[in-house]
Enquirer: 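Have a look at this one.
Please read these numbers as outputs of a predicted model, since none were measured by experiment. Every chain is numbered from 1, with letters handed out A, B, ... down the list of sequences.
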Amino acid sequence: MCYFTSKPYESALKEFFISVAYNIEEWQLGAYFPANIESGFSHKLMAVTTAEKPHTVGTAIWGLVPHWARTSDEAKQIADMTLNAVGEEIFNKPSYKNYVGSNRCLVWVDGFYEWQHLEYKVPGKGSRMRTEKEKRTHFIYMPGQQPFALGGVYSLWERPDNGHIYHTVSIITTAANTLMAEIHNSKQRMPFVVQRDDWEHWLSPLQREEIQAMIRPLPDGILQAHPVMKVNPRDLELYNNPQVKEPYAYPDRGLF
DNA sequence: CCAGACGTTGTT
DNA sequence: GTCTGG
DNA sequence: CCAGACGTTGTT
DNA sequence: GTCTGG
């Protein structure tokens, strides 16, 4: 899964944030920049809101680093694996269990990407048919591309050699709903979307059972999606370029 | 006990 | 074909 | 994810 | 830090 964040949060967040005490320029986010350009593995900054500062948007490094990471190298290695947290297992995993009770957050995005794996038959040698494979990138978003919140869990990691505190975050995943199962068909998962009416609830103190019950697929009929162009991760022309979320028509190949 | 992992998706 | 780096 | 590399000796 | 596997 691949997320990006961008500037339109400001307007959408007004409803929720009584006093918005953030400087959007400080986010250093790659607006209009699918995460796979910088790659999730570069541990980009995400826009997050926590219960501690419920009326602000801060940043956290994508890839949760638990407190027991001893070195920067170890932290990076762990963060490579903690971009997402499987919601069903989050209370069992050493990396998350200490945080999901107290350190839940909202991760602001205006959409995310998934890749659809397609196969179709084309004429091969002689009378044989051969299977071709294609991957199509899809952009998934709310109506009007309104910003929305994904459920996350965060940790503060103190780097031992210099004492710096790093805010790090994982995005929680859950089973795919119908739309997402069609798109993200190789692994039927989707990010846990926190609906607007649940934003405050998700950040409030909750019992384990309540938390677990909240982490479920978004009902069908809310998210929208369309195919978008493939992105060369090194194509800097696409940095901050809205093209990466505009509809793109893949050639019709008579799929079956 | 001690050493080593600690994670997810098909890259996010 | 498969791995790596961005 | 996608693009690009993918190898060795120390010169032939 | 805490759990698991040997």
Enquirer: Please list, chain by chain and in numerical order, all residues satisfying side-chain contact (heavy atoms from CB on, under 4.5 Å) with A:Pro160, sequence neighbours excluded.
Expert: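 Per chain and number, A:Pro160 pairs via side-chain contact (heavy atoms from CB on, under 4.5 Å) with A:Trp157.
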
Enquirer: Think A:Thr82 has a side-chain N or O under 4.0 angstrom from the OP1 or OP2 of B:dG7?
Expert: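 Checking A:Thr82 against B:dG7: no side-chain N or O falls below 4.0 Å of OP1 or OP2.
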
Enquirer: List for me each residue that meets ring-ring contact (aromatic ring centres under 6.0 Å, His included) alongside A:Phe192, sequence neighbours excluded, and say none if there are none.
Expert: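 Counting only residues at least two positions away or on another chain, A:Phe192 forms a ring-ring contact (aromatic ring centres under 6.0 Å, His included) with A:Trp202.
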
Enquirer: Could you pull out all residues at least two apart from A:His67 that satisfy side-chain hydrogen bond (donor to acceptor under 3.5 Å, both in side chains)?
Expert: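 side-chain hydrogen bond (donor to acceptor under 3.5 Å, both in side chains) list for A:His67, sorted by chain: A:Tyr99.
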
Enquirer: Could you state the CG-P distance from A:Asn92 to B:dT8, rounded to the nearest angstrom?
Expert: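 To the nearest whole Å, that distance equals 10 Å.
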
Enquirer: Could you provide the dot-bracket string of DNA chain B, using ( ) for intrastrand pairs, [ ] for crossing pairs and | for bases paired to another strand, with Watson-Crick or G-U pairs below 3.5 Å?
Expert: ||||||......

Enquirer: Heavy atoms under 4.0 Å, any strand shown: does A:Ala85 hit a base, just sugar-phosphate, or nothing?
Expert: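 Since only primed, P, OP1 and OP2 atoms lie under 4.0 Å of A:Ala85, the category is sugar-phosphate.
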
Enquirer: Tell me: CD1 of A:Ile171 to P of B:dG7, nearest whole Å?
Expert: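 In whole Å, B:dG7 P lies 17 Å from A:Ile171 CD1.
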
Enquirer: It should be established whether A:Arg189 places a side-chain nitrogen or oxygen under 4.0 Å from OP1 or OP2 of nucleotide B:dT9.
Expert: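 Yes, within the criterion.
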
Enquirer: Quantified in whole Å, what is the P atom distance between nucleotide D:dG7 and nucleotide C:dT4?
Expert: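 Result for the P pair: 11 Å, nearest Å.
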
Enquirer: Is there a side-chain contact between A:Val194 and A:Leu150 in this structure, where contact means two heavy atoms from C-beta onward sitting under 4.5 Å apart?
Expert: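 No, side chains not in contact.
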
Enquirer: Considering residues at least two apart in sequence or located in another chain, which fulfil the ring-ring contact (aromatic ring centres under 6.0 Å, His included) criterion with A:Tyr248?
Expert: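 Testing A:Tyr248 for ring-ring contact (aromatic ring centres under 6.0 Å, His included), a comparison that skips the adjacent residues, returns A:Tyr250.
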
Enquirer: What is the distance, to the nearest angstrom, from the CG atom on A:Asp80 to the P atom on C:dG5?
Expert: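 A:Asp80 atom CG is separated from C:dG5 atom P by 12 Å.
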
Enquirer: Does any non-hydrogen side-chain atom of A:Phe91 lie less than 4.5 Å from one of A:Ile211?
Expert: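 Yes, their side chains come closer than 4.5 Å.
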
Enquirer: Got a list of protein N/O to nucleotides 3-5 of chain D N/O distances below 3.5 Å?
Expert:
residue	atom	partner	partner atom	Å
D:dA3	O4'	A:Arg234	NH1	3.2

Enquirer: Between C:dT2 and D:dT9, how far apart are the two C1' atoms, rounded to whole Å?
Expert: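 Each nucleotide's C1' atom is 26 Å from the other's.
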
Enquirer: Just the atom pairs and distances: protein N or O near nucleotides 1-4 of chain E's N or O, under 3.5 Å.
Expert:
residue	atom	partner	partner atom	Å
E:dG1	O4'	A:His67	NE2	3.0

Enquirer: In whole Å, what is the span from the CD atom of A:Gln116 to the P atom of B:dT9?
Expert: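 Those two atoms, CD and P, are 18 Å apart.
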
Enquirer: Side chain of A:Asn84: nearest nucleotide among B:dC6, B:dT8, D:dC2?
Expert: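 Selected nucleotide: B:dT8.
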
Enquirer: Listing request: all side chain to side chain donor-acceptor pair (under 3.5 Å) pairs with a residue in residues 217-227 of chain A, at least two apart in sequence or in separate chains.
Expert: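 Residue pairs passing side chain to side chain donor-acceptor pair (under 3.5 Å), neighbours aside: A:Tyr141-A:His226, A:Thr178-A:Asp220.
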
Enquirer: Nearest whole angstrom, please: distance from the P of B:dG7 to the NZ of A:Lys93.
Expert: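 Whole-Å distance recorded here is 5 Å.
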
Enquirer: Any side chain to side chain donor-acceptor pair (under 3.5 Å) pairs touching residues 203-214 of chain A, not counting sequence neighbours?
Expert: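 Pairs touching residues 203-214 of chain A that pass the test: none.
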
Enquirer: Looking at B:dG7, I'd like to know if its phosphate oxygens (OP1 or OP2) sit under 4.0 Å from a side-chain N or O belonging to A:Ser170.
Expert: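 False: A:Ser170 side-chain N/O out of range (4.0 Å or more) of B:dG7 OP1/OP2.
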
Enquirer: Would a hydrophobic clustering, with Ile, Leu, Val, Met, Phe, Trp and Tyr connected at side-chain separations under 4.5 Å, put A:Ile78 with A:Tyr96?
Expert: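 A:Ile78 does not cluster with A:Tyr96.
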
Enquirer: Pairs in or reaching into residues 84-108 of chain A: which pass salt bridge (Lys or Arg N to Asp or Glu O under 4.0 Å), with residues at least two apart or in two chains?
Expert: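 Sorted result for residues 84-108 of chain A: A:Glu88-A:Arg189.
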
Enquirer: Within this structure, what is the OH-to-C1' distance between A:Tyr99 and B:dG7, rounded to whole angstrom?
Expert: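 My rounded result for the distance is 15 Å.
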
Enquirer: Going by the side chain to side chain donor-acceptor pair (under 3.5 Å) test, which pairs reach into residues 161-170 of chain A, not counting sequence neighbours?
Expert: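 Only A:Arg159-A:Asp161, A:Arg159-A:Tyr166, A:Asn162-A:His164 qualify under side chain to side chain donor-acceptor pair (under 3.5 Å).
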
Enquirer: Measure from OH on A:Tyr96 to P on B:dG7 and round the result to the nearest Å.
Expert: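 Rounding to the nearest Å, OH of A:Tyr96 and P of B:dG7 are 7 Å apart.
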
Enquirer: Restricting to pairs with a member in residues 57-71 of chain A, which pass salt bridge (Lys or Arg N to Asp or Glu O under 4.0 Å), not counting sequence neighbours?
Expert: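 Found none.
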
Enquirer: Send over the distance from A:Lys133 NZ to D:dC2 P, rounded to a whole Å.
Expert: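 After rounding, the reported distance stands at 14 Å.
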
